[in-house]
**Q** 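Pasting in a structure now, in structure tokens, and then I'll have a few things to ask.
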Amino acid sequence: MAHAYFTAGKHDDPAVFDLFFRRNPFGGEFTVCAGISEALSFVENYRWTEDDIDFVAERMALRNEAFKHWLSGLDCSRIRVYAIREGDIVFPRVPVLRVEGPLGICQLLESTLLNLIGYASLVATNAARLRLAAGEGRSIVEFGLRRAQGPDGAMSAARYSYLGGAAGTSNVLAGQVFDIPTVGTQAHAYISAFTGLENIPRRNLVDIDGTERDFVATVFRFRDQFGFTSTHDGELAAFITYALAFPGNFLALVDTYDTVRSGLPNALCVSLALWEFGYRPTGIRLDSGDLSHLSRHARSLFRSAAQKTGIDLPPIVIVASNELNESTIRSLNEQGHEIDIFGVGTHLVTCAGDPSLGVVYKLVQISGRPRIKISEEPAKVTIPGRKNAYRLYGEEGYPLLDVMLGEREDPPGPSQRILCCHPYQRARRSWVTPSQVEPIHHLMWDGRLAGPVPTLAESREFCRTQINRLRGDHLRQLNPTPYKVSLSEPLFNFMHDLWEREAAVGELR
């Protein structure tokens with residue numbers, strides 16, 4: 001396309017493209033905007049090397065030396081990018097990005113920008129929904145490295161899960177690169193690797209006061225006290241050796257053999273011994289079975305043991321995994337449980353409930369002339385022209401709707417009445433008098449970065465703030481109230497006039 005533009009002499013025509021999507025994912029009514037920082041980095045570093053040009057020329061049998069010379073000098077110094085702030089909430093049809101500049105270079109940016117924004121926003125939204133499902137006082141962590149779509153997918157999943165609200169990741173490289181908290185436990189292989197008590201290589205542990213004592217004897221004293229003499233010896237050996245390696249961060253995977261009869265009793269004895277040595281045991285992980293029942297049983301077992309021994313054992317952290325998704329977490333909440341952390345892997349990183357956001361990149365203006373794409377499906381008709389978008393807030397502080405105006409329209413102001421129209425249905429309109437008005441788009445690139453790029457931690461906090469500003473009925477899982485995206489009356493009239501002018505007129509005989 002860029003070559004065809006070049007040969008037609010249109011590659012330098014001033015163009016405006018909108019990047020947007022038409023439907024919120026996961027049956028919901030909100031989407032978290034993500035991928036902006038990577039998109040800006042891509043724009044900042046956009047170049048064609050000699051090898052790039054030679055490869056494309058060979059594949060496309062290009063002999064146009066002028067075009068190849070044009071490619072060699074390309075960068076984004078003549079581009080402007082307006083975007084929604086990373087971590088903000090975005091809704092269908094509102095541009096996530098508006099890209100302005102010469103037609104040829106704007107077109108060449110398309111596929112990469114779609115790739116960078118689409119998956120990032122999808123997984124951030126998934127994480128935000130999972131965090132909402134977990135509820136206050138509980139958290140989710142991203143456990144999806146092994147199931148992600150390749151190494152790049154695993155890194156993006158960790159990064160944008162954290163932006164959307166995950167408390168950490170099991171991906172250690174992502175923790176290093178993005179400064180994300182890392183979380184994890186041992187796997188079943190570790191437990192299975194120990195066959196009996198003879199596999200314990202040493203018995204002693206230095207307590208918090210610096211005295212070396214027999215840790216194994218202390219574990220067995222609690223085992224005898226509670227009568228847990230028929231638990232699996234290999235599992236107990238695994239827990240003991242793990243505690244010796246990580247006395248200050250002991251979290252046991254308890255379902256390798258039998259959660260109730262072996263895993264929990266063994267974890268309890270090791271935890272009590274650690275507490276006696278002055279260390280605070282972290283908790284347990286459940287990875288199979290009835291998570292509601294087992295979590296409540298685990299909490300009860302540890303509480304009753306503390307009462308029986310007189311040990312002031314602090315509440316343990318109960319982690320649950322095993323193919324969790326939004327629906328199973330909400331179901332667990334309905335059943336009642338004692339889970340503190342949900343480890344979500346496959347269904348978070350693959351976004352199994354909705355595997356694509358469906359972002360599109362459409363030309364909306366060329367050489368100052370608004371353009372429209374017409375479709376037999378009205379929802380696919382684009383909103384033409386260079387537009388500005390605003391979020392209108394009501395008296396209670398909640399956003400009422402997002403409204404788009406033509407570039408020459410005056411922005412709405414607080415306490416100023418504005419007629420807001422549904423983009424495709426003339427009869428659906430309403431007068432709105434906002435108490436507060438916020439511009440949605442911000443200039444982020446004007447030949448160079450227009451300002452500092454927020455850190456991942458800053459975008460994460462901003463995301464939580466923006467989600468908390470939405471009404472609860474927009475956030476619920478079942479039948480959420482649709483959030484309105486509207487056009488001003490002048491933009492609505494202009495769009496439909498252009499639609500009528502550009503549409504072919506049929507003729508019947």
Side-chain angles (χ1 to χ4, degrees), residues 20-34 84 87-94 96 118 121-138 140 161 164-166 291-292 323-337 339 342 344 346-348 350-359 377-380 389 391-404 420-430 432 434 440 463-487:
F20 62 97
F21 58 92
R22 299 187 178 98
R23 178 183 61 83
N24 288 305
F26 312 114
E29 281 298 329
F30 74 93
T31 300
V32 175
C33 173
I84 292 177
D88 203 350
I89 308 305
V90 62
F91 301 97
R93 295 184 294 276
V94 177
V96 179
S121 298
L122 188 71
V123 76
T125 305
N126 200 12
R129 292 179 62 89
L130 286 162
R131 182 185 66 80
L132 289 170
E136 291 299 321
R138 298 185 173 93
I140 65 164
S161 293
L291 299 178
S292 170
E323 295 298 317
L324 296 176
N325 58 30
E326 183 179 351
S327 295
T328 55
I329 291 174
R330 292 187 183 276
S331 176
L332 285 166
N333 289 343
E334 292 172 0
Q335 298 169 50
H337 63 83
I339 299 166
F342 295 97
V344 190
T346 304
H347 293 278
L348 174 51
T350 66
C351 298
D354 212 339
S356 176
L357 182 59
V359 283
E377 300 177 45
K380 286 192 171 184
R391 186 156 295 163
L392 309 186
Y393 290 82
E395 295 177 349
E396 296 180 352
Y398 295 114
L400 300 172
L401 54 79
D402 289 1
V403 61
M404 288 181 274
C420 298
C421 307
H422 187 282
Y424 305 108
Q425 300 179 34
R426 186 175 295 275
R428 292 180 60 182
R429 53 187 181 168
S430 58
V432 179
I440 291 176
C463 174
R464 180 182 285 266
T465 299
Q466 294 302 91
I467 288 176
N468 289 341
R469 296 183 77 177
L470 291 177
R471 289 203 322 257
D473 55 312
H474 295 309
L475 300 174
R476 64 191 179 208
Q477 182 189 29
L478 296 177
N479 299 317
T481 301
Y483 183 87
K484 295 180 178 63
V485 173
S486 302
L487 307 182

**Q** Which heavy atom of Pro480 sits nearest to which heavy atom of His474, and what is that distance?
**A** CB-O, 3.8 Å
**Q** Checking Asn468 against Thr465: is there a side-chain donor and acceptor pair closer than 3.5 Å?
**A** no
**Q** Taking all heavy atoms of Pro423 and all of Val485, pick out the closest pair and write down the distance.
**A** CD-O, 3.4 Å
**Q** Would you say Phe26 and Thr125 make side-chain contact, with heavy atoms under 4.5 Å?
**A** yes
**Q** A side-chain contact here means heavy atoms from C-beta on lying under 4.5 Å apart; do Thr31 and Ile89 qualify?
**A** no
**Q** So Cys420 and Leu401, do their side chains get closer than 4.5 Å, heavy atoms only?
**A** yes
**Q** Show your working on side chain to side chain contact (heavy atoms under 4.5 Å, CB included) between Glu323 and Thr346 and close with a plain yes or no.
**A** CA-CA 7 Å; Glu323 295 298 317; Thr346 304; 3.6 Å; yes
**Q** Using modelled atom types and a 3.5 Å cut-off, is there a donor and acceptor pairing between side-chain atoms of Ser331 and backbone atoms of Ser327?
**A** no
**Q** Indicate the atoms forming the closest heavy-atom contact of Cys421 with Arg429, along with that distance.
**A** CA-CB, 4.0 Å
**Q** Measuring from atom CD of Glu326 to atom CD1 of Ile329, what distance do you get when rounded to the nearest 0.5 angstrom?
**A** 8.0 Å
**Q** With the threshold set at 4.0 Å, does a side-chain nitrogen-carboxylate oxygen contact exist between Asp88 and Arg469?
**A** no
**Q** What verdict does the side chain to side chain contact (heavy atoms under 4.5 Å, CB included) test give for Arg464 and Arg131, after you've listed the backbone C-alpha separation in whole Å, the side-chain angles of each residue and the deciding distance to 0.1 Å?
**A** CA-CA 10 Å; Arg464 180 182 285 266; Arg131 182 185 66 80; 3.1 Å; yes
**Q** List the steps, then state whether side chain to side chain contact (heavy atoms under 4.5 Å, CB included) holds for Gln466 with Phe30.
**A** CA-CA 11 Å; Gln466 294 302 91; Phe30 74 93; over 6 Å; no
**Q** Does Glu136 have more than 12 heavy atoms from other residues, nucleotides or ligands lying within 6.0 Å of its CD?
**A** no
**Q** Drop me the distance from Asn333's CG to Arg138's CZ, to the nearest 0.5 angstrom.
**A** 6.0 Å
**Q** Measuring only between side-chain heavy atoms, which start at C-beta, is Glu29 closer than 4.5 Å to Arg476?
**A** no
**Q** With rounding to the nearest 0.5 angstrom, report the CG to OG1 distance, Leu291 to Thr328.
**A** 8.5 Å
**Q** Tell me, do Arg428 and Ser486 make a side-chain contact under 4.5 Å, heavy atoms counted?
**A** no
**Q** Looking at CG of Leu132 and CG of Leu470, how far apart are the two atoms once the value is rounded to the nearest 0.5 Å?
**A** 9.5 Å
**Q** Tell me the closest heavy-atom pair linking Ala128 and Ile467, and the distance in Å.
**A** CB-CD1, 3.6 Å
**Q** Contact between Asp402 and Ile440 at the side-chain level, heavy atoms closer than 4.5 Å - yes or no?
**A** yes
**Q** Hey, what's the ring geometry for Phe91 with Tyr483, parallel, tilted or perpendicular (30° and 60° as the breaks)?
**A** parallel
**Q** Between atom OG of Ser292 and atom CD1 of Ile339, what is the distance when rounded to the nearest 0.5 Å?
**A** 7.0 Å
**Q** List in chain and number order the residues that pass side chain to side chain contact (heavy atoms under 4.5 Å, CB included) with Arg23, two or more places apart in sequence or in another chain; answer none if no residue qualifies.
**A** Asp354
**Q** Should Pro399 and Arg391 count as side-chain neighbours, where that means a heavy-atom distance under 4.5 Å?
**A** yes
**Q** Between Ile84 and Val94, is the side chain to side chain contact (heavy atoms under 4.5 Å, CB included) condition met? List the steps.
**A** CA-CA 9 Å; Ile84 292 177; Val94 177; 4.2 Å; yes
**Q** Nearest heavy-atom pair of Val123 and Leu348: which atoms, and what distance?
**A** CG2-O, 3.6 Å
**Q** Quick one, Ser161 and Ile140 - any side-chain contact, counting heavy atoms below 4.5 Å?
**A** no
**Q** Quick one: pull up CG in Asn325 and SG in Cys351 and give me the separation to the nearest 0.5 Å.
**A** 12.0 Å
**Q** Which atom names give the shortest non-hydrogen contact between Arg22 and Pro92, and what distance separates them?
**A** O-CB, 3.4 Å
**Q** Could I get the full list of side chain to side chain contact (heavy atoms under 4.5 Å, CB included) partners for Glu377, not counting sequence neighbours?
**A** Ser375, Lys380
